[in-house]
Every structure is written in structure tokens, then in C-alpha cells.
Asks: 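Here it is, the structure in full.
Everything quoted here is computed from the prediction, not taken from an experiment.
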Amino acid sequence: MRKSLKVALLVTLALTAGVALYLRPMAEPTLADLVPETAPRNWDEWKERCLSLPSNQAILWKRASAMPSAIAAPHFSAALQQFVEAQVSTMLAPDAVWAGGRPPADFYETKVDFTLPPGPKFYPFVQKLSLPATAKAVFMGVLHGDVRSLLAAVAELQKRGLMRGFELVEPDTHLVFLGDYTDRGNYGVEVIYTLLQLKLTNPDNVWMAKGNHEDLELNLDMGFIGELDRKFGKAYGVNQVGRFYDYLPPAIYVGCGRDFIQCNHGGLEVGYSPQPLLAHSRAVAFQLIGELKQKRFLLEHPELLDDVDPDLKQELRDALVDATPVTPTLPVALGFMWNDFTIAKDTALARNRRPVWEFSHWATSVVLKAQSGEDGTGSRIRGVFRAHQHSGSLSPLMRRLKISNGVFRHWQDSDVGGREVPTLDTAPERSIPDGSVHTFNVSPDSIYGVKCEYSFATIGILTFAEKFEDWRLEVVPVAVSVD
């Protein structure tokens, strides 16, 4: 079954019977009449529309009320449909871009119904993006309905001469977003519309990974379905949003030559081997994940359990299976979207929270080495760029993100762990140690910014070179106005 019966029933009721999600009375009129009737003509108009709405923090502190969308429902739907049609007819259409075979025909069906079980099948796929040594890739972490941080990041790139409006100036500059675009903020619609305009303007240079919140079931509980209801009314369907999610890869391997960084929202997925994808002759290629071979990986690498507590060891043996995903969390959670990493140099796998596994420095090195081809002949996975594991309190990770100006590298020698304030790499330009994991900042116009006392978003600009040792990551904190 593609989605749970809970989602199908609740979403269907919300759209057909007028169930008052999030305690909004049925008699309350829609705010759609306050939304601009026309689509924005350009970047400047879109930015003005978005910034005219109150910040998430102003709404959170009840200094302002939630306002309607900066875009009308028909124009939002048109952008979603344009993206979906471009994916199925152009980007994902040719047989030649798929390693291991093209998806089944129903993968390409755009008119589907997520509200009626079983719904469309779940076909997660992974992407390769091989770039020349002259290229730059700009990364941004979690947005969670914070359009102000996204606008500020684009404005920074415009200031640097890398963008003009929505358009990237240089053909070798790419934007990579690391998932969680909606929920927990009031402007998921605006975030998605901005990302869509960036993608539609630069179809071969803008890439979006699928986070754990790119899932209608989670949206139902965490806020985005309620946002759509408040802004567009109960007649607005979710099918186009669901299909938008389906054409986002849970992981993008970005690299140069034989060296790649795994770019995704969550963590490692031990059941997937990227080597057939990375060996593909195309610079941009895709592969269906298909069956996850988690249990097989564990049998082939029993050393992963050497330092694991006996009870947890059995739980790990039981939890990791060889199976094909039918949803992002069934029969097991897809690690690319859900898994985490430890902070300091712990030696074993840990159970963070269901359904999440937390990988230590040592366990990460085992997995990356294995997925790089242990005979040394394949492409090499040099590290991970990701954007998960944030907290609404100044947790050890959030403290480290703040100290690190928004990009924290796990397992630094100077990091003693715990809640102490360590000495970390804060240089504007940083190297990328082999096997490292970098967590990117969550956006500040949110509960995260309030509770963790920061007011900046962060972009990372990765500059490639012929040798991996010469790759450099420029960490750029970007001030975000929340007044």
C-alpha cells in the first residue's frame, strides 16, 4: 500500500466533507480573497510579496496572525504541474539516464489520487550529479516553511554575482537543497513555489533532495496540510503536492571525477549500493532504489555490531531487513531520509529514536568504505552533506551548529562531546576530510531560531578541483530579518 489508510481517510474527509483540521471552525471564511490574483512577474515582485507577510516568529509570539499565501492556488498548482510534467517528459524520461533499467509505466503517471487507497506506488530513486572541476555547488539545509531564509540566501548569491533574479549566471553553478521544505512554519507554500521557480528557470542546475517531511502522512500531523487548507480552502487537492514529492530523490551523489559527496536529508542507507549509479556514463543519471539489502549488508559486515550493547545488537538484527520500500517508513525507514549521526567520536551504532539509527564515526567509515567499493576500483564516497537532526532547544548539535556558523563537521578532534562548548572549525573556507559528515543549519525564522537564539541561515559553496584534497567548502552565514 502506497500510503497508510489513516492518510487516505483523513485527507479524503478533509477535502470532501469539510473536516475542520487544526481546529479551524467550518464557518470561518477562506482568506483566498486576500491573495494576489496574478502570478508574480519577476523575482523582485515575488520577494516583495513574501516579505510583506508577517514572519514566522511574529506569528509564533502572537504579534501577528497567520496571513494568506503570497500566491493564489491556481498559480501554485500550475507551478507544481509544470515541474511534474518536465520531470516525466524530459528529465526522467529517457531510458539512457537510468542505471539498471527505467521505472515501470505507472511511475510516469501524473494524474494520480493519493486520497484513495492504495494510492500510487512508491518508487524512490537516487541521483548522480557529476560536475567538472571548474564547477561550484551551493548547498542549503532545512527550510521548514521559512521563506525569509530562502529569499535571503538567493539575495546573497545575487550579491555575489552568481544569480540574476531567479536565474543562475554561470552554467557551472548548481544549487542543491537538502530537504524538509514544509511543516513547522507558515510558509511551506511560498518555499515550494520559490524552489519551483528556481528549478523551472534553471532545469539543469537546481536540485532538491527529498527529506522525511516530503511525505503527505507527516504533513498531515506536522502542519503543511493545515497550511494548504487555511490558504487555499478545503477544495484544494493534495495530489499535485504528493506527486511533486515523488519526483524528488532521497539522495543526490554530487561529485567530480571518481569522488562524490552523498547529499541527502537524513543519514546512511546500508541497504543501497551506489556503485552501479556512479559508474553510469551520464553526468546526470538516476537509479531506482528497489530492494534494500540491509540484512545482507549486516551479514557481510558483522564488525558493525562489535561494540553494540547485546540487547541493541538483537534489535538491530531484527530491524534491518531485505525488503522493497512501500512508503518512506515501511517496512523500514529509508535511511537517506531518516537516519542520524553521533556528535563526538563514539564507537558504535545507537538507536536514537524509532525508526532512526545513529551512526558513529567508526560505523560511518565502515559503510562509506563498503559503498565505495572495497577493492578500490569504484567511485569513492568521500563524505556526507545533510540537514537533519535539529532540535527546538539548544541541544549539543544545535550548539555546535551555532558555533560553526551553520555548518558543523562531526567528530572533530577538539570536540569532547556532551554539552561543553568545544573548539570547532569556524573558518570561512574549510577542507573536507575524507569520511566526514557535515550537518547544515536549519532556518532561523522558526521555533529553532527562537529557542536556539540565532538569526542567520547558512549556505555552503563547494568548489571542486581535479584532486579531492583540493576541494573547498565556503561557509556563508546569511542574516535573516524576522521583524
Side-chain angles (χ1 to χ4, degrees), residues 126-131 135-143 149 153 157 173-181 205-212 214 248-256 259-269 272 274 277-278 334-343 359 361 364-365 367-368 371-372 379-390 397 400-401 404-412 424-425 427-443 457-465 468-469 471-478:
V126 177
Q127 179 184 343
K128 167 193 174 184
L129 177 61
S130 182
L131 300 174
K136 289 184 176 68
V138 181
F139 296 86
M140 190 170 187
V142 169
L143 288 160
S149 288
L157 295 175
T173 300
H174 293 253
L175 305 184
V176 182
F177 297 92
L178 298 173
D180 278 14
Y181 309 118
N205 294 75
V206 174
W207 314 99
M208 293 170 276
K210 179 187 181 81
N212 63 314
E214 277 65 72
L248 303 180
I252 306 171
Y253 289 89
V254 179
C256 176
D259 298 309
F260 288 85
I261 301 290
Q262 176 186 303
C263 304
N264 59 295
H265 179 71
L268 298 175
E269 174 48 70
Y272 172 75
L277 172 65
L278 301 183
L334 189 55
F336 289 132
M337 298 166 65
W338 280 97
N339 282 342
D340 287 333
F341 296 92
T342 58
I343 303 298
F359 285 77
H361 186 208
T364 297
S365 68
V367 175
L368 292 183
Q371 293 187 343
S372 294
S379 295
R380 293 161 291 195
I381 314 303
R382 296 293 200 167
V384 179
F385 285 3
R386 42 94 68 169
H388 193 35
Q389 207 173 345
H390 302 107
L397 177 62
R400 284 158 174 76
L401 275 170
S404 303
N405 291 323
V407 179
F408 165 60
R409 176 166 58 84
H410 294 238
W411 315 311
Q412 296 178 42
L424 300 174
D425 189 355
E429 183 176 279
R430 306 174 193 179
S431 61
I432 304 171
D434 200 3
S436 60
V437 170
H438 291 75
T439 292
F440 280 69
N441 200 14
V442 67
S443 297
T458 301
I459 56 175
I461 304 176
L462 179 61
T463 301
F464 297 93
F468 171 73
E469 293 76 13
W471 293 13
R472 290 296 180 266
L473 180 66
E474 182 183 1
V475 176
V476 184
V478 181

Asks: Indicate yes or no for a side-chain donor-acceptor contact from Ser372 to the backbone of Ile381 under 3.5 Å, with no hydrogens or angles considered.
Replies: yes
Asks: Apply side chain to side chain contact (heavy atoms under 4.5 Å, CB included) to Leu278 and Arg380, showing your working.
Replies: CA-CA 9 Å; Leu278 301 183; Arg380 293 161 291 195; over 6 Å; no
Asks: Could you tell me whether the side chain of His174 reaches within less than 4.5 Å of the side chain of Val254, counting heavy atoms only?
Replies: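 When only atoms from C-beta onward are counted, His174 and Val254 do not touch, as no gap falls below 4.5 Å.
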Asks: Thr458 vs Val475, test: side chain to side chain contact (heavy atoms under 4.5 Å, CB included). Steps then yes/no.
Replies: CA-CA 7 Å; Thr458 301; Val475 176; 3.9 Å; yes
Asks: Sequence neighbours left out, what passes ring pair (Phe, Tyr, Trp, His ring centres under 6.0 Å) with Phe440? Give chain and number order.
Replies: Phe385
Asks: Looking at every heavy atom in both Leu178 and Ala387, which two are closest together, and how far apart are they?
Replies: CB-CB, 3.7 Å
Asks: Could you pull out all residues at least two apart from Glu469 that satisfy salt bridge (Lys or Arg N to Asp or Glu O under 4.0 Å)?
Replies: none
Asks: Can you find a heavy atom in the side chain of Leu175 that is under 4.5 Å from one in the side chain of Leu157?
Replies: yes
Asks: Could I get the full list of side-chain hydrogen bond (donor to acceptor under 3.5 Å, both in side chains) partners for Ser149, not counting sequence neighbours?
Replies: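 For Ser149 the side-chain hydrogen bond (donor to acceptor under 3.5 Å, both in side chains) partners, ignoring immediate neighbours, are Asp146.
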Asks: Walk me through whether Gln412 and Arg400 qualify under side chain to side chain contact (heavy atoms under 4.5 Å, CB included).
Replies: CA-CA 11 Å; Gln412 296 178 42; Arg400 284 158 174 76; over 6 Å; no
Asks: Any donor and acceptor pair, going by atom type alone, linking the side chain of Asn339 with main-chain N or O of Phe341 inside 3.5 Å?
Replies: no
Asks: Atom CG in Asn212, atom CH2 in Trp338: separation rounded to 0.5 Å?
Replies: 4.5 Å
Asks: With sequence neighbours left out, what residues match Arg409 under salt bridge (Lys or Arg N to Asp or Glu O under 4.0 Å)?
Replies: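 Residues passing salt bridge (Lys or Arg N to Asp or Glu O under 4.0 Å) with Arg409: none at all.
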Asks: Might you point out which heavy atoms bring Glu214 and Ala209 nearest each other, and give the distance in Å?
Replies: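 Distance-wise, the nearest heavy atoms are OE1-O, 4.2 Å.
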Asks: If you measure from NE2 on His388 to CG on Asn264, what distance do you get to the nearest 0.5 Å?
Replies: 10.0 Å
Asks: For Phe464, which residues count as a ring pair (Phe, Tyr, Trp, His ring centres under 6.0 Å) partner, sequence neighbours excluded?
Replies: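 With neighbours one apart ignored, the set is Trp471.
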Asks: Answer whether the closest heavy-atom distance between the side chains of Met208 and Tyr181 falls below 4.5 Å.
Replies: yes
Asks: Who passes ring pair (Phe, Tyr, Trp, His ring centres under 6.0 Å) against Trp411, sequence neighbours left out?
Replies: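 Result, ring pair (Phe, Tyr, Trp, His ring centres under 6.0 Å) vs Trp411: His361.
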Asks: With sequence neighbours left out, what residues match Ala153 under side chain to side chain contact (heavy atoms under 4.5 Å, CB included)?
Replies: Met140, Ile459
Asks: Below 4.5 Å, heavy atoms only, C-beta onward: do Phe139 and Ile261 meet side chain to side chain?
Replies: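 Side-chain contact under 4.5 Å: no.
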Asks: So, using side-chain hydrogen bond (donor to acceptor under 3.5 Å, both in side chains) as the criterion, who are the partners of Asp180 when residues are at least two apart?
Replies: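 Only His144, His265 meet the side-chain hydrogen bond (donor to acceptor under 3.5 Å, both in side chains) criterion with Asp180.
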Asks: Could you check whether any side-chain N or O of Asn205 sits under 3.5 Å from a backbone N or O of Thr173, counting only pairs where one atom can act as donor and the other as acceptor?
Replies: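 Confirmed, Asn205 side chain pairs with Thr173 backbone.
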Asks: Just grab all the salt bridge (charged side-chain N to carboxylate O under 4.0 Å, His left out) pairs involving residues 431-443, residues at least two apart or on different chains.
Replies: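 Residue pairs passing salt bridge (charged side-chain N to carboxylate O under 4.0 Å, His left out), neighbours aside: Arg382-Asp434.
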Asks: Would you give the length of the straight line joining atom CG of Asn441 to atom CG of Asn405, rounded to the nearest 0.5 angstrom?
Replies: 9.5 Å
Asks: Over all heavy atoms of both residues, which pair between Pro250 and Met337 is shortest? Give the atoms and the distance, please.
Replies: CB-CG, 4.0 Å
Asks: Is any side-chain heavy atom of Thr439 closer than 4.5 Å to a side-chain heavy atom of His390?
Replies: yes
Asks: Quick one: pull up CG in Asp425 and NE2 in His438 and give me the separation to the nearest 0.5 Å.
Replies: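 Reported to 0.5 Å precision, the distance equals 7.5 Å.
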Asks: Decide yes or no on side chain to side chain contact (heavy atoms under 4.5 Å, CB included) for Val437 and Phe359, but give the supporting numbers first.
Replies: CA-CA 10 Å; Val437 170; Phe359 285 77; over 6 Å; no
Asks: Using a 4.5 Å cut-off on heavy atoms from C-beta on, say whether the side chain of Ser404 contacts that of Arg430.
Replies: yes
Asks: Kindly give the heavy-atom pair with the smallest separation between Gly383 and Leu368, and that separation in Å.
Replies: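 Residues Gly383 and Leu368, closest heavy atoms: CA-CD1, 4.2 Å.
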Asks: As an exercise, state the distance from CD of Gln371 to CD of Glu269, rounded to the nearest 0.5 Å.
Replies: 8.0 Å
Asks: If the condition is ring pair (Phe, Tyr, Trp, His ring centres under 6.0 Å), which residues does Phe177 pass it with, not counting sequence neighbours?
Replies: none
Asks: Hey, what do you get for NZ (Lys210) to CG (Leu334), rounding to the nearest 0.5 Å?
Replies: 9.0 Å
Asks: A side-chain contact here means heavy atoms from C-beta on lying under 4.5 Å apart; do Leu268 and Gln262 qualify?
Replies: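 Side-chain contact under 4.5 Å: yes.
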